[in-house]
Amino acid sequence: LAGILSSRAVQRHVPVTGGRGPAWHRQPIGRFPGCNYLVNSLPTVNSLERLVDITFEEKDREFQAEVRAWLDEAWPQPLRDKQSKSALGKLSKEDRVAWQQRLAEKGWAARNWPAQYGGAGFTPTQNYIFDLESARVGAPGVVPFGITMVAPVIMKFGTEEQKERFLPDILATNVWWCQGYSEPGSGSDLASLSTRAEDKGDHYLVNGVKTWTTMAQYADWIFCLVRT
């Protein structure tokens with residue numbers, strides 16, 4: 001049950017029409033011994049269609065056709081067969097790198113990046129369409145550690161020198177990153193991590209142990225959570 005514990009009557013949300021479109025008000029529907037829940041009734045499909053236009057615009061349909069045609073060429077049948085025959089759907093590092101470099105050449109590798117750093121600049125609808133078409137042919141997403149995880153941190157907190165050094169190579173998958181989060185005594189509870197970084201002036205000296213480091217065997221660089 002999802003709801004809000006309350007001493008008041010159980011309530012539900014009922015859509016009503018107001019001057020600016022659909023509004024919502026609460027209507028009591030009963031009481032339960034000891035406690036009550038606020039229950040949210042879901043709109044029907046028909047009411048959703050009245051609230052939101054869920055059809056693609058012409059420009060979105062054109063984008064969908066472009067994505068579909070590109071995937072049919074860029075994600076070739078041999079790689080599809082190789083992935084489908086793998087017990088866990090795994091590809092080699094070389095396969096992954098080649099795929100991400102094709103995405104980068106098209107300008108579609110970094111969908112979460114600002115355009116100033118080479119991001120795709122997709123709208124939410126385009127993101128959805130790209131995911132939809134990728135799933136249709138079984139094309140993999142990008143390995144998240146570089147493009148999705150460390151790059152935004154470098155954009156936000158890195159120096160200009162660091163941005164110039166790291167971001168182009170991350171975008172082009174010239175380097176492979178992995179994450180250093182978990183430790184032998186620190187799994188999901190990252191507040192208990194013990195790896196430390198000692199400030200040595202022009203660099204940090206890191207001491208500790210990291211584990212469960214996904215794809216570390218392929219990585220050139222690692223980003224870590226540490227104590228300072």
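On a predicted model such as this, the values are computed, not experimentally measured, just so you know. Position 1 is the first residue of the sequence; numbering continues from there.
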Donor-acceptor under 3.5 Å (Gln126 side chain, Thr123 main chain):
yes
Contact between Trp75 and Gln83 at the side-chain level, heavy atoms closer than 4.5 Å - yes or no?
yes
Separation between OG (Ser84) and CG (Leu79), nearest 0.5 Å, reads 10.5 Å
How far apart are the C-alpha atoms of Asp131 and Arg111, what are their side-chain angles, what is the distance that settles it, and do they pass the salt bridge (Lys or Arg N to Asp or Glu O under 4.0 Å) test?
CA-CA 11 Å; Asp131 286 339; Arg111 291 188 284 153; 2.9 Å; yes
Taking all atoms of both residues into account, what is the closest heavy-atom pair of Pro152 and Asn112, and its distance?
CG-ND2, 3.8 Å
Check Glu105 with Arg102, please: is the shortest side-chain N to carboxylate O separation under 4.0 Å?
no
Judged by atom type as modelled, is there a donor-acceptor pair below 3.5 Å linking the side chain of Gln162 to the main-chain atoms of Thr159?
yes
Working note: Phe166 + Trp221, criterion ring pair (Phe, Tyr, Trp, His ring centres under 6.0 Å); need CA distance, chi angles, decisive distance, verdict.
CA-CA 10 Å; Phe166 291 111; Trp221 285 78; 5.1 Å; yes
Heavy-atom closest pair (Ser192 atom, Gly185 atom, distance to 0.1 Å) is OG-O, 3.8 Å
What residues, two or more places apart in sequence or in another chain, satisfy side chain to side chain donor-acceptor pair (under 3.5 Å) together with Lys106?
Glu66
Got Phe223 and Val153 here, is their nearest side-chain heavy-atom distance under 4.5 Å?
no
Pairing of Glu160 and Lys163 as salt bridge, 4.0 angstrom limit:
yes
How are the rings of Trp108 and Phe122 set relative to one another: parallel (under 30°), tilted (30 to 60°) or perpendicular (over 60°)?
perpendicular
In short, Gly146 meets Ile170 closest at the heavy-atom pair C-CG2, 3.5 Å
Side chains of Asp81 and Gln77: any donor to acceptor distance under 3.5 Å?
yes
So Leu71 and Ser134, side chain to side chain contact (heavy atoms under 4.5 Å, CB included) or not? Walk me through it.
CA-CA 7 Å; Leu71 284 170; Ser134 296; 4.1 Å; yes
Working to the nearest 0.5 Å, report the span between CD of Glu133 and CZ of Arg68.
4.0 Å
Would a 4.5 Å heavy-atom cut-off, applied to side chains only, mark Trp177 and Ile147 as touching?
no
Can you find a heavy atom in the side chain of Ile222 that is under 4.5 Å from one in the side chain of Phe145?
no
So Trp99 and Thr173, do their side chains get closer than 4.5 Å, heavy atoms only?
no
Are more than 12 heavy atoms from other residues, nucleotides or ligands located less than 6.0 Å from atom CD of Glu58?
yes
Same cluster for Leu193 and Trp212 if Ile/Leu/Val/Met/Phe/Trp/Tyr side chains link at under 4.5 Å?
no
Let me see the working for Glu57 and Thr125 under side chain to side chain contact (heavy atoms under 4.5 Å, CB included), right down to the final yes or no.
CA-CA 10 Å; Glu57 297 181 3; Thr125 301; over 6 Å; no
Trp70 vs Leu103, test: side chain to side chain contact (heavy atoms under 4.5 Å, CB included). Steps then yes/no.
CA-CA 10 Å; Trp70 184 81; Leu103 286 168; 3.6 Å; yes
So, the side chain of Thr213 versus the backbone of Ala216: is there a donor-acceptor pair under 3.5 Å, distance only?
no
Is any side-chain heavy atom of Ser182 closer than 4.5 Å to one of Lys210?
no
State yes or no: do Ile154 and Val142 share one hydrophobic cluster built from I, L, V, M, F, W and Y residues joined by side-chain heavy-atom distances below 4.5 Å, directly or via other members?
yes
Among all residues two or more places apart in sequence or in another chain, which pass the side chain to side chain donor-acceptor pair (under 3.5 Å) test with Gln116?
none
Would you kindly confirm whether Leu171 and Met155 end up in one hydrophobic cluster when ILVMFWY residues are joined by side chain heavy atoms under 4.5 Å apart?
yes
Check the surroundings of atom CD in Gln217: do more than 12 heavy atoms from other residues, nucleotides or ligands lie under 6.0 Å from it?
yes
Shared hydrophobic cluster for Val150 and Val206 (ILVMFWY, side-chain gaps under 4.5 Å):
no
Look at the side-chain heavy atoms of Ile, Leu, Val, Met, Phe, Trp and Tyr, link any pair under 4.5 Å apart, and say whether Leu225 and Val209 land in one connected group.
no
Donor-acceptor contact present, side-chain Arg61 to main-chain Phe56, <3.5 Å:
yes
In chain order, what residues pass the salt bridge (charged side-chain N to carboxylate O under 4.0 Å, His left out) check against Asp72, with sequence neighbours excluded?
Arg80, Arg136
Contact between Leu132 and Gln64 at the side-chain level, heavy atoms closer than 4.5 Å - yes or no?
yes
What one should report as the nearest heavy-atom pair of Ser92 and Lys82 is OG-NZ, 3.9 Å
From Trp176 CH2 over to Lys93 NZ, what is the distance, rounded to the nearest 0.5 angstrom?
6.5 Å
Between Glu183 and Thr195, is there a side-chain heavy-atom distance shorter than 4.5 Å?
yes
